[in-house]
Amino acid sequence: MRLSRFFLPVLKETPTEAQIVSHRLMLRAGMIRQEAAGIYAWLPLGFRVLKKVEQVVREEMDRAGAIELLMPTLQLADLWRESGRYDAYGPEMLRIKDRHERELLYGPTNEEMITEIFRAYVKSYKSLPLNLYHMQWKFRDEQRPRFGVMRGREFYMKDAYSFDLDEAGARRAYNRMFIAYLNAFARLGLKAVPMRADTGPIGGDLSHEFIVLAETGESQVFCHGDLVEMGAPGPDVDWDGDLQPLVDRRTSLYAATEEMHDPARFEREVPADRRLSARGIEVGHIFYFGEKYSAPMRAVVTGPDGQDRPVQMGSYGIGVSRLLGAIIEASHDAAGVIWPDGVAPFGLGVVNLKPGDPAVDTACERAYAALSAAGLEPLYDDTFERAGAKFATMDLIGLPWQLVIGPKGTAAGEVELKRRATGQRETLSLEAALSRLTAKA
RNA sequence: CGGGGCGUAGCGCAGCCUGGUAGCGCAUCUGCUUUGGGAGCAGAGGGUCGCAAGUUCGAAUCUUGCCGCCCCGACCA
């Protein structure tokens, strides 16, 4: 993409409404525009990152055996009356009427609808296990939206729903999601710690929130410090095998959000030098809820014994749009965003320091063509801005690499390659820079 | 939903208290100079002062109502 033809409305000054760094940087980098409280338009740069994050989540869900579908944003109120949640939900749910006075709602989540789909088609235990997911815009009419995309009213979410014959099967489904989440967050450059969460009326140990530690997190969290650096199992696990040991390794150490925190246990189980008390951002939540929806909505399957029973369900959410905020909170500096390689909106920036200079233009065009052909998705700054402004913009939008090509270097047969994360710059020949970069593709 | 605050040019703000018909910086446009970390000079364009009533000869300024947005708290993916 040539910057001269792209739409990148960067701001030099910080809008006053933005209080936290990720919100400020998303506005300044021209990623989002607020259209109403908690409702944002995704400008091209932000949209590209959103799609990258979405794709990482999709690949990890698919790897774990989940099947993608797409459910609508609008749902019938009658469906929610079946589970009793239409009246239980309160003013957070946006209620709408169509021209026929039919009551609709803009979905804040999709348990009822997925249960309705499941019960319409699945009748036998032989069709299980099943895990269906979608990524869709949701709406929750928060009393007080804030922190930009981290707590909007409209938000993009991946939600998966598992169906199993019994609780043992549901636990296996839960473990698959648990591992898939660790892998997804790791690929996004995040250190996400699973923490035991409130299971509500169901009870048991099958609910975890995945928390990214950040100063601007909205909740206080407490955990064993080793959990932060434990890393993810990676894709090469036996998804049909026993994942319990991998899960146990991460759930045996103390980790709790404020509402689940037990100070006495914390001090008893965690050595003083390993006790971590920090702020955290919730980026995922997995939950086993058994028959909560399948029983009232009569989603039953026939077991091997010929008996019908309500299917055992769990749900697994990831706040995809929120993740952009979380990633920035975890990865930025004074100059701007530092995108992890896997989600950067462009693979690198090619900075032409003197457009119109034939030698520099030629070098830049060659680099741009080669990098594009290699699939690196370069953003080529071919504008007539001053060098300082170009550097500032590149640092702000946080592309992982900057290939700087100017008249002095070109005369000497040299270009400069800068790594955004470290600020390290290296001078080398254009060919060496290109082969180095394309080797990464 | 309680408490506080703010709406004046694309962005950041001043002007309001003490009414006299709108200003600064950045951005934008033109010209010249400049050219490796958000340039300089000169000129230009751009605003029904959130909306609506009211007071007044006259309202960005005073009064009332409404709308929108932000912050703190309670609540939440």
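Proteins get letters first, then strands, A, B, ... in listed order; numbering begins at 1 in each.
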A.B. asks: Sticking with atom P, work out how far B:G54 lies from B:U8, rounded to a whole angstrom.
C.D. replies: 24 Å
A.B. asks: Where each residue is assigned the nucleotide of RNA chain B containing its nearest heavy atom, which of A:Ser321 and A:Gln143 is assigned the position nearer the 5′ end?
C.D. replies: A:Gln143
A.B. asks: May I ask you to decide whether A:Lys191 forms a salt bridge with A:Glu229, counting only side-chain N to carboxylate O separations under 4.0 Å?
C.D. replies: yes
A.B. asks: Do A:Glu416 side-chain and B:G36 base share a donor-acceptor contact under 3.5 Å?
C.D. replies: yes
A.B. asks: Please pick, from B:C70, B:G36, B:C76, the nucleotide with the shortest atom-to-atom distance to any side-chain atom of A:Ala37.
C.D. replies: B:C70
A.B. asks: Please report the distance separating the P of B:C49 from the corresponding atom of B:A9, rounded so that it comes out in whole Å.
C.D. replies: 10 Å
A.B. asks: By nearest atom, which of the nucleotides B:C69, B:C75, B:G36 is closest to the A:Arg146 side chain?
C.D. replies: B:C75
A.B. asks: Taking a pair as Watson-Crick or G-U wobble with both distances under 3.5 Å, which nucleotide is matched to B:G12?
C.D. replies: B:C24
A.B. asks: Going by purine N1 to pyrimidine N3 plus the second Watson-Crick contact, or the G-U wobble pair, all under 3.5 Å, which nucleotide sits opposite B:A60?
C.D. replies: none
A.B. asks: For A:Arg48 and A:Met31, what are the C-alpha separation, side-chain angles and deciding distance, and is it a side chain to side chain contact (heavy atoms under 4.5 Å, CB included)?
C.D. replies: CA-CA 9 Å; A:Arg48 288 181 71 98; A:Met31 296 177 65; over 6 Å; no
A.B. asks: Can you see whether A:Tyr316 has A:Arg176 sitting over its ring - NZ or CZ less than 6.0 Å from the centre and within 45° of the normal?
C.D. replies: no
A.B. asks: Have a look at A:Gly317 and say if it touches a base, only the backbone sugar-phosphate, or nothing, with a 4.0 Å heavy-atom cut-off.
C.D. replies: nothing
A.B. asks: Just how far, in rounded Å, is C1' of B:A77 from CZ of A:Arg153?
C.D. replies: 16 Å
A.B. asks: Parallel, tilted or perpendicular: which describes the rings of A:Tyr380 and A:Tyr368, with under 30° parallel and over 60° perpendicular?
C.D. replies: tilted
A.B. asks: Between atom NZ in A:Lys138 and atom P in B:A77, what is the gap in whole Å?
C.D. replies: 13 Å
A.B. asks: Counting the benzene-type ring for Trp, do A:Tyr293 and A:Tyr161 have ring centres under 6.0 Å apart?
C.D. replies: no
A.B. asks: If I pick the C1' atom on B:G43 and the same atom on B:G5, what distance separates them, to the nearest angstrom?
C.D. replies: 40 Å
A.B. asks: Mind running a 4.0 Å heavy-atom check of residues 388-396 of chain A against RNA chain B and sending the residues that fall below it, in number order?
C.D. replies: A:Gly388, A:Ala389, A:Phe391, A:Ala392, A:Thr393, A:Asp395
A.B. asks: Would you say the ring centers of A:Phe163 and A:Phe118 fall short of 6.0 Å from each other?
C.D. replies: yes
A.B. asks: Going by purine N1 to pyrimidine N3 plus the second Watson-Crick contact, or the G-U wobble pair, all under 3.5 Å, which nucleotide sits opposite B:C76?
C.D. replies: none
A.B. asks: Now, which nucleotide makes the Watson-Crick or G-U wobble pair with B:U34, with each of the two distances under 3.5 Å?
C.D. replies: none
A.B. asks: Which of the following nucleotides, B:C76, B:G36, B:C26, is nearest to the side chain of A:Lys12?
C.D. replies: B:C26
A.B. asks: How far does the P atom of B:A77 sit from the matching atom of B:G68, given to the nearest Å?
C.D. replies: 25 Å
A.B. asks: Can you measure A:Glu154 atom CD to B:C76 atom P for me and round it to whole angstrom units?
C.D. replies: 22 Å
A.B. asks: Could you pick out which residue, A:Pro145 or A:Gln402, lies toward the 5' side of RNA chain B when each is mapped onto its nearest nucleotide?
C.D. replies: A:Gln402
A.B. asks: Look through every strand shown and name the nucleotide pairing with B:U48 as Watson-Crick or G-U wobble, where both distances are under 3.5 Å.
C.D. replies: none
A.B. asks: Give one of base, sugar-phosphate or nothing for A:Gln19, where a contact means two heavy atoms less than 4.0 Å apart.
C.D. replies: sugar-phosphate
A.B. asks: Could you check whether A:Lys158 gets within reach of a base, just the sugar-phosphate, or nothing at all, counting any heavy atom under 4.0 Å?
C.D. replies: nothing
A.B. asks: What I want to find out is whether A:Lys292 reaches A:Glu111 closely enough, with some N-O distance under 4.0 Å, to be called a salt bridge.
C.D. replies: no
A.B. asks: Give me the distance, rounded to whole Å, that separates B:U28 from B:G23 when you measure between the P atoms they each carry.
C.D. replies: 22 Å
A.B. asks: Does the distance from a Lys or Arg side-chain N to an Asp or Glu carboxylate O, for A:Glu377 and A:Lys52, drop under 4.0 Å?
C.D. replies: yes
A.B. asks: Report yes if at least one side-chain N or O of A:Arg386 is closer than 4.0 Å to OP1 or OP2 of B:U35; otherwise report no.
C.D. replies: no
A.B. asks: Could you check how far CD1 of A:Ile281 sits from C1' of B:A77, rounded to whole Å?
C.D. replies: 12 Å
A.B. asks: Taking CZ from A:Arg144 and C1' from B:C75, how many angstroms apart are they, rounded to a whole number?
C.D. replies: 11 Å
A.B. asks: Using the P atoms only, state how far B:C41 lies from B:C24, rounded to an integer number of Å.
C.D. replies: 15 Å
A.B. asks: Would you measure the distance from the C1' atom in B:A60 across to the matching atom in B:A22 and give it in whole Å?
C.D. replies: 8 Å
A.B. asks: For every nucleotide of nucleotides 3-13 of chain B, 5' to 3': is a protein heavy atom under 4.0 Å from its base (B), only from its sugar-phosphate (S), or from neither (-)?
C.D. replies: --------BSS
A.B. asks: Can you find a donor-acceptor N/O pair under 3.5 angstrom joining the side chain of A:Arg151 to the base of B:C75?
C.D. replies: yes
A.B. asks: Using both distances under 3.5 Å as the test, list the Watson-Crick or G-U wobble partner of B:G43, or none.
C.D. replies: B:C29
A.B. asks: Any ion pair linking A:Arg419 and A:Asp341 (charged N to carboxylate O, less than 4.0 Å)?
C.D. replies: yes
A.B. asks: Are there more than 12 heavy atoms of other residues, nucleotides or ligands under 6.0 Å from atom CD of A:Gln424?
C.D. replies: no
A.B. asks: Please determine, for the side chain of A:Glu92, which listed nucleotide (B:G36, B:U35, B:C76) has the closest atom?
C.D. replies: B:C76
A.B. asks: Answer yes or no: is there an ion pair linking A:Arg322 with A:Glu218, defined by an N-O contact shorter than 4.0 Å?
C.D. replies: yes
A.B. asks: Specify the separation, in whole Å, of atom CD of A:Glu385 and atom P of B:U34.
C.D. replies: 18 Å
A.B. asks: How long is the line joining CG of A:Leu27 and C1' of B:C70, in whole Å?
C.D. replies: 13 Å
A.B. asks: The side chain of A:Glu282 lies closest to which of these nucleotides: B:A77, B:C76, B:C69?
C.D. replies: B:A77
A.B. asks: In the strands shown, is B:C69 matched to any nucleotide by a Watson-Crick or G-U wobble pair with both distances under 3.5 Å, and which?
C.D. replies: B:G5
A.B. asks: How many whole angstroms separate atom CZ of A:Arg420 from atom C1' of B:G37?
C.D. replies: 13 Å
A.B. asks: In whole Å, measure the gap between the P atoms of B:C67 and B:A74 for me.
C.D. replies: 27 Å
A.B. asks: Looking at CZ of A:Phe155 and CD of A:Gln136, how far apart are the two atoms once the value is rounded to the nearest 0.5 Å?
C.D. replies: 11.0 Å
A.B. asks: Choosing from B:C69, B:C76, B:G37, which nucleotide comes nearest the side chain of A:Gln34?
C.D. replies: B:C69
A.B. asks: NA contact type, A:Gly423, heavy-atom cut-off 4.0 Å: base, sugar-phosphate, or nothing?
C.D. replies: nothing
A.B. asks: Does the structure show a Watson-Crick or G-U wobble partner for B:U18, both distances under 3.5 Å? Name it, or say none.
C.D. replies: none
A.B. asks: Give me the ring orientation class for A:His261 and A:Phe266: parallel if the planes are under 30° apart, tilted from 30 to 60°, perpendicular past 60°.
C.D. replies: perpendicular
